[in-house]
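The block underneath contains the structure these notes are about, expressed in structure tokens.
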Amino acid sequence: MNDYPGNGWLGRYRDKVNADPELAVIGDWFTSVFTLTFGDRRYALKVDKGKIVDVVDTPRLDVRAQFGFRAPVEVWRKFLSPNPPPLFHDFFAMLMRVPEFVLEGDSLIAMQNARALHRMMNIMRETGEPHA
């Protein structure tokens, strides 16, 4: 099984999110659990007031997520690349124009937290390419 992007990369991402001064301001109301699915590999991110408090690798039925983003690894690689091609530079652009990038679950909760979520996804790009 492919482990892209890998636990090391997710740890770096969590640390960057938790140290981000912008999220410290705009993330105060963002408390949720959401998933990121990279091909066959799924992770649940537990967020409390804009900080990632836990990353669950291959969550089971006991981890309830409100929404999530799912895409093939190739799509994530383009998004996380240093110079992404058109439409892969921003997760909102991908939601609207890349059919393989899917918002799952309760889209209302995702959009109620759109500003903080957008910042978190930008930090994902700032974390750099995974080495998996």
Side-chain angles (χ1 to χ4, degrees):
M1 178 186 273
N2 186 0
D3 70 346
Y4 184 91
N7 289 318
W9 184 89
L10 283 162
R12 291 191 305 279
Y13 171 60
R14 178 199 61 227
D15 293 346
K16 285 179 89 55
V17 164
N18 292 350
D20 187 70
E22 185 177 342
L23 264 175
V25 174
I26 64 174
D28 202 40
W29 296 99
F30 185 27
T31 296
S32 182
V33 177
F34 70 96
T35 60
L36 296 173
T37 304
F38 300 83
D40 294 332
R41 192 65 176 239
R42 188 177 187 88
Y43 300 89
L45 282 67
K46 295 181 180 182
V47 178
D48 184 35
K49 296 183 179 180
K51 304 251 187 237
I52 299 173
V53 295
D54 195 14
V55 177
V56 180
D57 189 351
T58 59
R60 308 258 185 235
L61 295 174
D62 59 337
V63 178
R64 185 175 175 198
Q66 295 166 312
F67 64 92
F69 299 102
R70 173 178 47 85
V73 170
E74 299 76 38
V75 170
W76 287 109
R77 283 189 198 279
K78 289 177 185 178
F79 177 67
L80 296 174
S81 69
N83 296 305
L87 304 179
F88 293 87
H89 67 288
D90 184 87
F91 98 103
F92 279 123
M94 292 189 337
L95 278 175
M96 291 185 274
R97 300 284 188 231
V98 178
E100 300 88 5
F101 189 77
V102 178
L103 171 59
E104 303 175 312
D106 193 335
S107 59
L108 177 60
I109 293 173
M111 292 306 107
Q112 286 172 333
N113 295 288
R115 181 64 190 102
L117 189 58
H118 189 254
R119 180 65 191 136
M120 286 182 90
M121 296 300 277
N122 284 341
I123 293 170
M124 185 181 285
R125 292 207 56 250
E126 293 169 14
T127 302
E129 290 181 282
H131 299 293

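We count residues from 1, following the sequence as given.
Ser32 OG to Lys49 NZ: the interatomic distance, rounded to the nearest 0.5 Å, is 15.0 Å. Here Phe91 contributes atom CZ and Met124 contributes atom CE; the two are 9.5 Å apart, rounded to the nearest 0.5 Å. In this structure, Arg115 CZ and Ile26 CD1 are separated by 4.0 Å, a value rounded to the nearest 0.5 Å. Summarising the geometry, atom OH belonging to Tyr13 is positioned 9.5 Å from atom CG belonging to Asn18; distances are rounded to the nearest 0.5 Å. With rounding to the nearest 0.5 angstrom, the OG1 atom of Thr58 is 11.5 Å from the CG atom of Asp3.
Nearest heavy atom pair, residue Pro5 against residue Leu10, reads CG-CG, 4.2 Å. Nearest heavy-atom pair across Val17 and Gly50 is CG1-O, 3.8 Å. Thr35 approaches Ala65 most closely through the heavy-atom pair CG2-CB, 3.5 Å. Closest approach of Ala44 to Val33, counting heavy atoms only: CB-CG1, 4.2 Å. Across Thr37 and Glu104, no two heavy atoms sit closer than the pair OG1-OE1, 4.5 Å. Here the closest non-hydrogen pair linking Lys78 and Pro84 is O-CB, 3.2 Å.
In this structure, Trp76 and Phe79 have perpendicular ring planes: the angle between them is above 60°, well past the 30° mark. Ring planes of Phe67 and Phe30: parallel class, angle under 30° (limits at 30 and 60°).
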Point to revise | Test log, rule side-chain contact (heavy atoms from CB on, under 4.5 Å), inputs Leu23 and Ile123 | key: CA-CA 10 Å; Leu23 264 175; Ile123 293 170; 3.7 Å; yes
Point to revise | Test side chain to side chain donor-acceptor pair (under 3.5 Å) applied to Asn83 and His89, step by step | key: CA-CA 8 Å; Asn83 296 305; His89 67 288; over 6 Å; no
Review point. Given Val47 and Phe34, is the side-chain contact (heavy atoms from CB on, under 4.5 Å) satisfied, shown in steps?
Key: CA-CA 8 Å; Val47 178; Phe34 70 96; 3.7 Å; yes
Exercise for review: Starting from the C-alpha separation in whole Å, work towards a yes-or-no answer on side-chain contact (heavy atoms from CB on, under 4.5 Å) for Lys46 and Val56.
Suggested key: CA-CA 8 Å; Lys46 295 181 180 182; Val56 180; 4.0 Å; yes
Practice item. Please lay out, stage by stage, how Glu74 and Arg77 fare under the test side-chain contact (heavy atoms from CB on, under 4.5 Å). Key: CA-CA 5 Å; Glu74 299 76 38; Arg77 283 189 198 279; 5.6 Å; no
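By the rule that hydrophobic residues join a cluster once side-chain heavy atoms approach within less than 4.5 Å of another member, Met121 and Met111 end up as members of one cluster. With hydrophobic clusters built from ILVMFWY side chains whose heavy atoms lie under 4.5 angstrom apart, Leu95 does not share a cluster with Val102. A chain of hydrophobic side-chain contacts below 4.5 Å, direct or via other Ile, Leu, Val, Met, Phe, Trp or Tyr residues, connects Phe92 to Met120. There is a path of hydrophobic side-chain contacts, each under 4.5 Å, that joins Val75 to Leu103. Using a 4.5 Å cut-off between side-chain heavy atoms of Ile, Leu, Val, Met, Phe, Trp and Tyr, with links allowed through other members, Val55 and Tyr4 fall into the same hydrophobic cluster.
Aromatic rings of Phe69 and Phe101 (six-membered ring for Trp) have centroids within the 6.0 Å cut-off, being under it.
Of the possible polar contacts, one joining the Arg125 side chain to the Ser81 backbone as a donor-acceptor pair under 3.5 Å is found. One N or O on the side chain of Asn113 and one on the backbone of Ile109 form a donor-acceptor pair closer than 3.5 Å.
Annotation: side chain of Met94 is not in contact with side chain of Leu87 (no heavy-atom distance under 4.5 Å). Contact of the Tyr43 side chain with the Asn7 side chain is registered, since non-hydrogen atoms from C-beta on lie closer than 4.5 Å.
Between Asp57 and Arg42, none of the side-chain N atoms (NZ, or NE/NH1/NH2) sits under 4.0 Å from a carboxylate O, so this pair counts as no salt bridge. Between Asp20 and Arg119, at least one side-chain N (NZ, or NE/NH1/NH2) sits under 4.0 Å from a carboxylate O, which counts as a salt bridge.
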